[in-house]
Student: 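Quick one: this structure, given as structure tokens, is what I'll be asking you about.
Since the model is a prediction, treat every value here as computed from it, not as a measurement. Chain naming here is simple, since letters A, B, ... match the order of the sequence lines and numbering starts at 1 in each.
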Amino acid sequence: MIEDATSTQSDFIREIIDSDLKTGKHDRIATRFPPEPNGYLHIGHAKSVCLNFGLAAQYKGTCNLRMDDTDPAGESMEFVGSIQNDVRWLGFDWDDRLFFASDYFDRLYQFAIDLIKTGKAYVCSLNADEIRAYRGTLTEPGKNSPYRDRTVEENLDLFTRMRAGEFPDGAHVLRAKIDMSSPNITMRDPVIYRIKRSGHYRLGDNWVIYPMYDFAHCLSDSIEGITHSICTLEFENNRPLYDWFVNELIGGSKPRQIEFARLNISYTILSKRRLIELVESALVDGWDDPRMPTVAGMRRRGYTARAIREFCSRIGVAKNDNLVDIALLEHCVREDLNETAPRAMAVLRPLKVIIDNYPEGATEDMECANHPQKPEMGTRMVPFSKTIYIEKDDFMEEPPRKYKRLGPGREIRLRNSYVIRYASMVKDDATGEIRELHCTYDPDTKNAAPADGRKVDGVIHWVSAVHAVPVTVRLYDRLFKVADPAGAEGEMKDLLNPGSLEVVDRAYVEPGLGQAKSGEKYQFERTGYFCCDTKDSLPLKPVFNRIATLRDSWAKISAK
RNA sequence: UGGGGUGUCGUCAAGCGGUAAGACACAGGCCUUUGGAGCCUGCAUUCGGAGGUUCGAAUCCUCCCACCCCAGCCA
């Protein structure tokens with residue numbers, strides 16, 4: 001198991017576990033990560049994965065991966081596969097403990113029979129609307145169903161026939177007989193089985209009745225010997241029901257449900273429903289669109305599993321509603337990639353520069369460090385020649401104060417190369433746009449300070465025009481333009497950041513990058529971290545996704 | 001206005017009766033062939049509010065306020 005996930009500070013759940021271990025309530029701990037295979041995992045799930053698997057690792061216990069597939073609608077093997085892939089990619093391992101709630105259907109059915117036999121469950125023949133009406137409201141108690149007092153024999157007969165497929169969908173449900181006047185609506189004779197003929201993605205038509213979450217989940221936990229069943233806050237109301245089923249049906253050690261606050265992140269959305277909406281309305285390009293907060297999307301964007309784990313560790317585990325600043329996530333990727341990503345030069349918006357006093361047709365190989373602080377990462381050769389491209393932003397005709405880049409009369413250091421001095425510019429007669437710059441270079445400054453001791457403050461990156469490789473670069477930014485899209489009014493499409501994707505069709509990268517392989521991550525010096533796209537890159541024709549920008553203190557200065 | 005939760009810096013989050021950790025963000029400065037990275041400094045006299053208990057309260061008690069969740073045959 002990975003180390004960084006185990007070296008986490010404490011939280012209220014770990015305190016509970018420490019106490020359970022200390023008092024001898026448990027001598028080992030068992031958790032589980034229980035997704036429903038009806039969608040892709042997102043970073044909110046990653047928080048839960050890190051928590052559950054991290055706990056198991058920390059306490060030398062186990063964490064099961066369990067598909068909570070009790071409602072066949074929307075579930076599929078595709079999702080089962082993507083979930084396994086994502087959990088594994090995040091760095092966790094469930095060994096041979098991949099389970100399916102649907103594998104427990106026989107036992108669950110038996111538990112239901114047991115409940116009927118002890119008079120704790122009954123078949124109710126009210127329709128859905130009637131059940132709702134009988135349930136009462138938040139402030140008014142419910143009324144007993146007229147079917148509540150059916151005999152055990154009648155219930156057994158009806159339930160058996162429900163299973164046998166004798167009734168149409170919705171004709172009957174099995175309900176727990178608890179308390180229709182409970183102030184906790186969850187306890188007002190909750191439905192535990194419904195008839196649903198949709199066909200299960202694993203079991204086909206074996207069943208026409210399916211257990212509800214409240215019934216299946218606690219019993220699945222019990223079957224697997226889970227000690228701590230960790231879920232999100234919205235299930236707090238369900239805990240009494242969780243305990244009710246367990247107490248009625250399970251002897252010995254019982255699992256304990258503990259709830260924590262789900263993750264929210266600014267400028268994005270983490271509800272499965274909304275994510276599905278984004279995909280289905282084609283507002284994004286699929287579940288793995290690099291702007292998506294899905295594990296698949298983030299992976300494709302270039303986020304590392306390590307960065308995600310670090311993020312999950314830093315946000316902590318508590319019960320407060322939260323909206324974590326997306327800047328923290330960005331910080332975590334930068335922190336990781338700063339250590340690991342080789343540097344390279346890429347010019348996103350090229351401006352041609354001709355070095356007048358540099359010999360025509362000559363080429364020089366410049367030795368460049370792959371990481372300025374890590375000599376062990378080696379060096380590479382980057383060709384330099386008379387005509388180069390620099391970033392448009394790195395020249396200003398009328399530079400403001402504090403601007404350290406190129407301008408009329410100015411000198412600048414070309415990264416890993418020479419110092420050049422501005423000579424003149426050529427403008428387009430019609431538009432006034434700057435077409436190209438002419439400069440002169442100082443031959444004595446190749447990776448050396450000027451001999452006369454004059455200071456050259458600015459450093460800019462460049463790429464040799466004849467050697468550079470044109471590539472497509474996709475500049476990603478936050479998906480939404482509002483900090484809290486989940487809490488915002490209006491339609492989702494109106495909340496999206498129109499600048500969340502900018503495609504640069506013709507950026508120039510240093511020659512070596514032409515051979516970049518899918519998934520490789522680089523720091524394009526002075527611009528950001530980029531990942532060679534795993535889907536759209538072709539051999540020798542890479543497409544780069546911007547993972548994150550570098551911190552840009554000039555942007556802050558210039559904004560003032 | 002039923003029940004269940006939560007309220008500590010802009011955002012997360014420690015704190016568990018002994019006098020407010022840390023992180024991100026932000027603001028200054030140093031350093032720098034990435035305006036990157038790194039380094040240094042600053043950033044809650046105050047813990048939703050009001051009372052009370054105590055030598056001492058963010059921590060205990062009382063009342064109040066705000067926000068979140070629950071009326072799927074979803075999970």
Side-chain angles (χ1 to χ4, degrees), chain A residues 9-11 15 34-36 38 68 70-71 73-74 124 126-128 131-133 135-142 169-175 181-188 190-196 209-210 212-214 216-217 231-240 259 261 263 266 272-273 311 314-332 334-335 338-339 343 345 369 371-373 402-405 413-417 419 445 447-449 456-461 483 523-528 549-558:
Chain A
Q9 69 290 2
S10 195
D11 53 62
E15 280 177 11
E36 183 185 11
N38 67 348
D68 209 355
T70 56
D71 179 5
C124 180
L126 255 20
N127 65 36
I131 286 184
R132 189 181 317 118
R135 188 151 34 219
T137 68
L138 294 178
T139 51
E140 299 162 291
D169 288 13
H172 308 281
V173 292
L174 183 70
R175 292 229 249 169
S181 64
S182 171
N184 180 352
I185 295 180
T186 307
M187 300 297 274
R188 319 239 262 231
V191 171
I192 59 183
Y193 264 95
R194 73 284 211 185
I195 304 172
K196 215 168 198 179
I209 58 171
Y210 291 94
M212 298 288 289
Y213 165 85
D214 286 308
H217 200 92
C231 63
T232 43
L233 247 30
E234 66 270 27
F235 291 103
E236 224 151 13
N237 296 318
N238 303 47
R239 195 190 331 137
E259 312 85 10
L263 172 65
S266 61
K272 203 183 254 185
R273 206 203 94 233
F311 171 76
R314 289 211 201 184
I315 56 177
V317 177
K319 299 188 74 164
N320 306 327
D321 287 328
N322 60 76
L323 185 61
V324 176
D325 193 339
I326 195 168
L328 179 60
L329 216 207
E330 290 165 352
H331 168 82
C332 290
R334 289 193 190 106
E335 183 179 55
N338 177 49
E339 292 295 313
R343 315 283 123 131
M345 291 194 285
H371 189 120
Q373 278 79 38
K402 291 190 175 175
Y403 184 80
K404 303 201 305 196
R405 284 111 94 151
R413 162 126 251 149
L414 291 178
R415 177 86 169 141
N416 298 314
S417 177
V419 168
T445 57
N447 285 319
V456 178
D457 211 14
V459 181
I460 63 174
H461 59 279
Q523 184 199 90
F524 290 176
E525 288 195 278
R526 302 212 308 132
T527 60
T549 60
L550 252 28
R551 282 184 68 231
D552 185 356
S553 47
W554 166 244
K556 281 175 192 167
I557 297 168
S558 62

Student: Under 4.0 Å, counting only non-hydrogen atoms across every strand here, what does N322(A) touch: a base, just sugar-phosphate, or nothing?
Tutor: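 N322(A): backbone/sugar contact only, no base atoms under 4.0 Å.
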Student: Of all the nucleotides listed (C70(B), U33(B), G72(B)), which has the minimum atom distance to the side chain of L138(A)?
Tutor: C70(B)
Student: Mind checking the CH2-CZ spacing from W554(A) to R405(A)? Nearest 0.5 Å is all I need.
Tutor: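 One gets 6.5 Å once the value is rounded to the nearest 0.5 Å.
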Student: Report the nucleotide, chosen from G3(B), G35(B), A75(B), that has the shortest atom-to-atom distance to any side-chain atom of Y403(A).
Tutor: G35(B)
Student: Partner lookup for U1(B), please. Criteria are Watson-Crick or G-U wobble with both distances under 3.5 angstrom; report none if nothing qualifies.
Tutor: none
Student: For S182(A) and N184(A), which I'm curious about, is there any donor-acceptor pair between the side chains at under 3.5 Å?
Tutor: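 Their side chains do not contain a donor-acceptor pair, so the 3.5 Å distance test is not met.
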Student: With a non-hydrogen cut-off below 4.0 angstrom, is E339(A) in contact with a base, only sugar-phosphate, or nothing?
Tutor: nothing
Student: Looking at U62(B), which nucleotide sits across from it as a Watson-Crick or G-U wobble partner, both distances under 3.5 angstrom, or is there none?
Tutor: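 Checking every strand shown, U62(B) finds its partner in A50(B), with both distances under 3.5 Å.
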Student: Is S266(A) touching bases, backbone alone, or none of the nucleic acid, heavy atoms closer than 4.0 Å?
Tutor: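 The residue S266(A) makes no contact with any strand.
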Student: Identify the two heavy atoms, one from N338(A) and one from Q523(A), that lie closest to each other, and give their separation to 0.1 Å.
Tutor: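 That would be OD1-NE2, 4.5 Å.
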Student: Quickly work out the Y193(A) OH to C74(B) C1' distance and round it to whole Å.
Tutor: 16 Å
Student: Between atom CG in D214(A) and atom C1' in C74(B), what is the gap in whole Å?
Tutor: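 After rounding, the gap between these two atoms is 10 Å.
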Student: For N238(A), answer base if it contacts any base atom (sugar-phosphate contacts may also be present), sugar-phosphate if it contacts only those atoms, and nothing otherwise; contact means non-hydrogen atoms under 4.0 Å.
Tutor: base
Student: Identify whether any heavy atom of A448(A) sits under 4.0 Å from a base atom; if not, whether one sits that close to sugar-phosphate; answer base, sugar-phosphate or nothing.
Tutor: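 Base, at least one base atom sits under 4.0 Å.
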Student: Reckon F235(A) touches a base, only the sugar-phosphate, or nothing at all at heavy-atom distances under 4.0 Å?
Tutor: base
Student: When you measure from the side chain of T527(A) to the backbone N and O of F524(A), does any donor-acceptor pair fall under 3.5 Å?
Tutor: yes
Student: Over all strands shown, is R413(A) touching base, sugar-phosphate only, or nothing at heavy-atom distances under 4.0 angstrom?
Tutor: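 Touches a base.
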Student: Between the protein and nucleotides 28-30 of chain B, list every N/O to N/O distance that falls short of 3.5 Å.
Tutor:
from   : atom 1 : to      : atom 2 : distance (Å)
G28(B) : OP1    : K560(A) : NZ     : 2.9

Student: Can you check whether any acceptor in the base of U34(B) is under 3.5 Å from a donor in the side chain of R526(A), or vice versa?
Tutor: no
Student: Under a 3.5 Å cut-off for both contacts, is C74(B) paired Watson-Crick or G-U wobble with anything, and if yes, with which nucleotide?
Tutor: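 Looking at the geometry, C74(B) pairs with no nucleotide.
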Student: Base, sugar-phosphate alone, or nothing: which one does E15(A) contact when heavy atoms must sit under 4.0 Å apart?
Tutor: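 Base contact.
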Student: Any side-chain to backbone donor/acceptor pair from R343(A) onto E525(A)? Under 3.5 Å, distance only.
Tutor: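 No, because the side chain of R343(A) does not come within donor-acceptor range (under 3.5 Å) of the backbone of E525(A).
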Student: Roughly how far apart are K404(A) NZ and I460(A) CD1, rounded to 0.5 Å?
Tutor: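 So the NZ of K404(A) and the CD1 of I460(A) are separated by 13.0 Å.
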Student: Of all the choices, G3(B), A75(B), U33(B), which nucleotide is nearest to the side chain of N237(A) once you look at every atom?
Tutor: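 Within the option list, the nearest is G3(B).
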Student: Is G72(B) in the syn or the anti form, by the rule that syn lies within 90° of 0?
Tutor: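 That one's syn.
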Student: Going by centres under 5.5 angstrom and planes under 30 degrees, do the aromatic ring of W554(A) and the base ring of G35(B) stack?
Tutor: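 By the stated criterion, W554(A) and G35(B) stack.
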Student: Look at the side chain of V459(A) and decide which nucleotide, out of C74(B), C12(B), U34(B), has an atom nearest to it.
Tutor: U34(B)
Student: Take atom CZ of F524(A) and atom P of U34(B), then tell me their distance rounded to the nearest Å.
Tutor: 19 Å
Student: Atom CG of L233(A) and atom C1' of U6(B): how far apart are they, to the nearest Å?
Tutor: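 Between C1' of U6(B) and CG of L233(A): 8 Å.
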Student: Compare the minimum distances between each of G5(B), G35(B), A75(B) and the side chain of K319(A), then state the nucleotide with the smallest one.
Tutor: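 In terms of side-chain proximity for K319(A), the closest of G5(B), G35(B), A75(B) is G5(B).
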Student: Among A37(B), U33(B), G4(B), find the nucleotide with the atom closest to the side chain of Q373(A).
Tutor: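 Side chain of Q373(A) sits closest to A37(B).
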Student: In whole angstrom, what separates R239(A)'s CZ from G3(B)'s P?
Tutor: 17 Å
Student: Can you find a donor-acceptor N/O pair under 3.5 angstrom joining the side chain of E36(A) to the base of C74(B)?
Tutor: no
Student: Starting from C1' on U34(B), measure out to NE2 on H461(A) and report it in whole angstrom.
Tutor: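 So the NE2-C1' distance, H461(A) to U34(B), works out to 9 Å.
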Student: To the nearest Å, how far apart are R132(A) CZ and C74(B) P?
Tutor: 11 Å
Student: Quote, to the nearest angstrom, the C1' distance that separates G36(B) from A66(B).
Tutor: 43 Å
Student: Heavy atoms from C-beta onward define the side chain here; which of G35(B), G2(B), A75(B) lies closest to that of K404(A)?
Tutor: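 The answer is G35(B), which lies nearest to the side chain.
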Student: With heavy atoms under 4.0 Å as the rule, sort M212(A) into base, sugar-phosphate or nothing.
Tutor: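 Since only primed, P, OP1 and OP2 atoms lie under 4.0 Å of M212(A), the category is sugar-phosphate.
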Student: For A449(A) and T137(A), take the nucleotide of RNA chain B holding the closest heavy atom to each; which residue's nucleotide lies nearer the 5' end?
Tutor: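 Residue closer to the 5' terminus by nearest nucleotide: A449(A).
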Student: For the pair made of CD1 in I557(A) and P in A27(B), what is the distance, rounded to whole Å?
Tutor: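 The distance from CD1 of I557(A) to P of A27(B) comes to 10 Å, rounded to the nearest Å.
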Student: What nucleic acid atoms does N320(A) come within less than 4.0 Å of, heavy atoms only: base, sugar-phosphate, or nothing?
Tutor: sugar-phosphate
Student: Using the 3.5 Å cut-off, write out each protein N or O paired with an N or O of nucleotides 22-26 of chain B and the distance between them.
Tutor:
from   : atom 1 : to      : atom 2 : distance (Å)
A23(B) : O3'    : R314(A) : NH1    : 3.4
A23(B) : O2'    : R314(A) : NH1    : 2.9
C26(B) : OP1    : K556(A) : NZ     : 3.1
C26(B) : OP2    : K556(A) : NZ     : 3.3

